[in-house]
Amino acid sequence: MSQPQVSILLQKISKDFKVRGNKAVFKGLFDPQWEYVNALSNLDLIIRDGESVAFLGPNGAGKTTSIKIMTGLMYPSGGEVEVLGYTPRKRQPEFLRQIGLVLGNKAGLNWDLSATQSFQLLKSIYQVPDDQFMETVDQLAELLKVKQVLNRQVRQLSLGERMKIELIGAVLHRPKVLFLDEPTIGLDVDAKVAVRGFVRYLQQEFGTTILLTSHDMTDVAHICDRAVIISHGKKVYDNTLAALEAEYSTKKVIEFYTTTDSTKGLPRGFTKLKNNHYRVNVDKVNLKNIINELTSNSNVDDIQIESINLETIMSEKFATS
Amino acid sequence: MSVFKIIYLQVKFLALQRLAYRGNNALNIISTTVYTTLFIIFVVVIFRNTDMIGPYTKDAILFLTLLGQISFYFITATGYTSAIKLAESINSGGLDYVFTKPVRHLPFVTFEGFDIITMLFDGFPVIIVASVINWSLLSFTIPSLAIGILLFVLGLVMMYSIVVSLGCLAFWTGRSKNSIDVYWGLMHKTEQPIAALSTNLVLASLVVIPAAIPVSLAGSIMIGVLSPNLLYTLFGLGSTIFWLAVLNIIWSKGQRRYVSASS
């Protein structure tokens with residue numbers, strides 16, 4: 001069976017930002033000195049049609065810069081980018097008609113208009129046929145349970161309702177590639193669950209290629225099949241989530257509580273979480289020894305053993321990258 | 001066709017937004033009415049002592065005032081508001097959602113602030129000016145009206161291009177409130193009695209005060225104080241093309257510099 005076509009192709013992408021280097025205000029006025037900050041460096045990436053990929057990394061790693069380059073908002077300093085066969089920075093209408101973008105902390109809809117009015121404008125922009133428009137709005141609003149607020153001014157909606165409306169607006173034209181930059185930021189649990197389910201539905205039902213950045217690993221686990229981790233503008237990991245979890249399946253997390261502040265006799269490599277509350281990651285083969293060590297220590301009050309979760313995996317990956 | 005549909009919807013939805021704040025709009029009528037009334041009194045007082053300023057009668061000056069008011073309220077409620085909105089979007093990263101849409105981006109942003117409701121509310125005193133003009137004392141002819149109206153429209157397009165170009169400077173400066181405010185200086189006292197000058201001086205003054213093209217030049221030609229000659233027409237056309245080209249160049253270079261505010 002042949003592989004699906006390439007949706008997104010990044011080859012040796014780099015991005016430098018020119019910033020003012022002067023610390024002295026007055027000297028800087030007459031003798032400005034410029035420095036180049038490297039945001040991305042030789043980034044390679046291939047994403048195929050219908051994939052759902054998490055683009056992860058600590059703050060400042062270059063995730064949003066990468067998305068902005070892929071959507072044509074920024075010009076790369078070097079390298080080649082192709083999305084759906086187009087060069088994003090040319091901002092050709094045929095290309096823009098096939099992508100969707102949701103930025104979790106930027107409002108794309110007009111606050112003084114109702115969702116229906118904003119959708120009307122999007123319908124004209126994307127030239128969505130009447131019947132498809134009605135059907136899509138109806139279906140998606142039903143799915144996200146926002147039908148009853150469609151005619152309310154966006155400013156009167158809750159954050160969760162607004163984000164759901166933003167998502168519907170971003171996919172009204174049924175984009176082939178959907179870029180999501182922290183779409184669940186600030187949402188409550190119910191809204192997060194609805195957004196995750198919706199994005200997964202788009203990928204599975206319409207074959208939409210998803211590129212997601214999020215600091216919420218539950219988003220990643222529910223929406224994505226593959227993780228790409230970048231740090232300091234460089235790719236440090238690229239594989240399926242299953243492979244990533246398998247890599248850590250030989251490890252366990254032990255959390256334990258002590259009766260005093262003393263750390264004497266505790267296993268090596270522990271991390272203090274709170275007062276008298278510690279965590280240590282161990283290899284399965286050493287589990288028995290560590291448990292013995294902890295139970296024989298009269299200072300230890302309670303012990304929990306868990307499989308390592310995605311959040312911990314990511315924090316280890318970020319720390320080691 | 002789609003471009004016009006999009007512009008129509010932008011204008012319509014902005015009007016709906018403005019209607020949501022109709023109380024604020026209504027209050028603005030007071031200040032524009034006071035300003036216009038005081039200016040009419042000023043003109044009337046001056047013409048108590050003289051019949052003519054150069055070749056202009058009181059009604060001719062009031063007619064220029066009328067054109068000045070129409071162009072001022074039109075450009076302020078359309079180009080100026082679009083420029084302010086554009087500069088804010090450049091600064092805040094709001095263009096992210098514009099540049100990722102399959103539209104012609106320059107027309108899209110230049111019509112984003114096309115605010116007909118503010119224009120109608122603020123421009124209400126235009127009716128006062130029109131009502132005090134003795135129209136029977138103004139001599140219109142078909143050729144002078146045709147050329148005058150053409151220059152008026154070209155002048156509005158030119159001023160629109162100038163003010164949006166000022167807004168585009170935010171691509172370089174981050175903010176452009178001060179550069180956009182140059183607009184207020186440009187639109188100040190556009191109703192100059194330029195027909196009192198020689199042809200060369202008329203053209204020179206229009207280079208310095210381009211906003212006088214849709215007002216003093218177009219108005220003087222409409223009422224027959226200046227002859228509707230080819231030179232003035234070409235000058236108006238040339239100025240408009242020049243400023244449209246400037247806008248396109250600034251826009252094209254500016255959007256390459258857009259880095260968008262980080263999220």
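Here is how names work: the chains are called A, B, and so on, in the same order as the sequence lines, proteins then strands, and each is numbered from 1.
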Check whether any side-chain heavy atom of A/N110 lies under 4.5 Å from a side-chain heavy atom of B/F13, and answer yes or no.
no
Check: B/R257 and A/Y75 side chains under 4.5 Å, non-hydrogen atoms
no
Can you tell me how far [atom2] of [Y] sits from [atom1] of [X], rounded to the nearest 0.5 angstrom?
| X | Y | atom1 | atom2 | value |
| --- | --- | --- | --- | --- |
| A/I125 | B/Q10 | CD1 | CD | 7.0 Å |
| A/L101 | B/K101 | CG | NZ | 7.5 Å |
| B/K5 | A/Q120 | NZ | CD | 7.0 Å |

Based on non-hydrogen pairs under 4.5 Å, which of B/L9, B/L95, B/T100 is most in contact with chain A?
B/T100
Restricting to non-hydrogen atoms, name the atom on [X] and the atom on [Y] that form the minimum distance, rounded to 0.1 Å.
| X | Y | value |
| --- | --- | --- |
| B/D96 | A/K68 | OD2-CE, 3.8 Å |
| A/L103 | B/Y97 | N-OH, 2.9 Å |
| A/P93 | B/P102 | O-CB, 3.5 Å |

So, using salt bridge (charged side-chain N to carboxylate O under 4.0 Å, His left out) as the criterion, who are the partners of A/R91 when residues are at least two apart?
none
Under 4.5 Å from a heavy atom of chain B, the part of [X] involved:
| X | answer |
| --- | --- |
| A/F95 | neither |
| A/Q127 | side chain |
| A/A170 | neither |
| A/I67 | neither |
| A/E94 | neither |

Around atom [atom1] of [X], are there more than 12 heavy atoms from other residues, nucleotides or ligands closer than 6.0 Å?
| X | atom1 | value |
| --- | --- | --- |
| A/K176 | NZ | no |
| A/F206 | CZ | yes |
| A/R89 | CZ | no |
| A/E80 | CD | no |

Under 4.5 Å from a heavy atom of chain A, the part of B/R256 involved:
both
Please classify the contact of B/Y8 with chain A as side chain, backbone, both or neither, using a heavy-atom distance under 4.5 Å.
neither
Can A/L96 and B/H105 be said to form a side chain to side chain contact (heavy atoms under 4.5 Å, CB included), step by step?
CA-CA 12 Å; A/L96 298 174; B/H105 300 126; 4.0 Å; yes
